[in-house]
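Structure record follows, encoded as structure tokens.
Ligands are counted one by one from 1 in listed order, and the atoms in each one are counted from 1 as well.
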Amino acid sequence: MSVLQTLQERSNNTCELCGATEHLSQYTIPPSLNENVANDVLVCKTCLDQIEGNEEMDANHWRCLNDSMWNENVAVQIMAWRMLQRLRSQGWPQDLLDMMYLDDEALALARATGEHEDESSKIVHRDANGTILQAGDSVVLIKDLKVKGSSMVAKQGTAVRRILLDHENAEYIEGKVDGQQIVIITKYVKKI
Ligand SMILES: [Zn+2]
């Protein structure tokens, strides 16, 4: 059975966060790279758009976390935790977070994308279009880039998969081009 089929079965074909039954897709929680039942959730488009930052957060929509935070699957708990963290300034999400229990391993993964950090101090990486970049995303270079300290030029149009973020600087990401790990400036990439 594929990962998707397993997710569909365990969720009874519903969004594991809000219970919607339409426009469902498999979501691998970053920074996990490989799809795997333990790291994936089935989510609807409404949830996904907000998770990925393509749509504004609608706090009312996320009242659903009141239920889904108790889901038996750790991947669902982690996504619930992250979305509650994003909304915690609203008050009620913080109350739910206080009731939640994640073991050390799950908590470490839940924290990996920095949702628990203060917005003001949080470093957000954005591509040339302003789309938020996350570790594990793939990007394409939108101009030729000279690679520092080498004669190599990374060509416009080159796809860079599984990027890493520079947690000190929102302008830098890292990724492999021609087998070499290089630093890339975010304004010269587009998420794909
Ligand atoms: Zn949903």
Give the minimum heavy-atom separation between Ile142 and Lys187, together with the two atoms involved. CD1-O, 3.7 Å
At a threshold of 2.8 Å, where the distance has to be below it, does the Zn ion (ligand 1) have an N, O or S atom of His61 nearby? no
Of all the atoms in Cys64, is at least one N, O or S atom closer to the Zn ion (ligand 1) than 2.8 Å? no
Given SG of Cys18 on one side and SG of Cys15 on the other, what angle do they make at the Zn ion (ligand 1), to 10°? 110°
Please give me the minimum heavy-atom distance between Ala80 and Met69, naming the atom from each residue. CB-CA, 3.8 Å
Exercise: do Trp62 and Gln90 side chains pair donor with acceptor under 3.5 Å: no
Could you check whether Glu16 pairs with Arg10 (Lys NZ or Arg NE/NH1/NH2 to Asp/Glu carboxylate O, under 4.0 Å)? yes
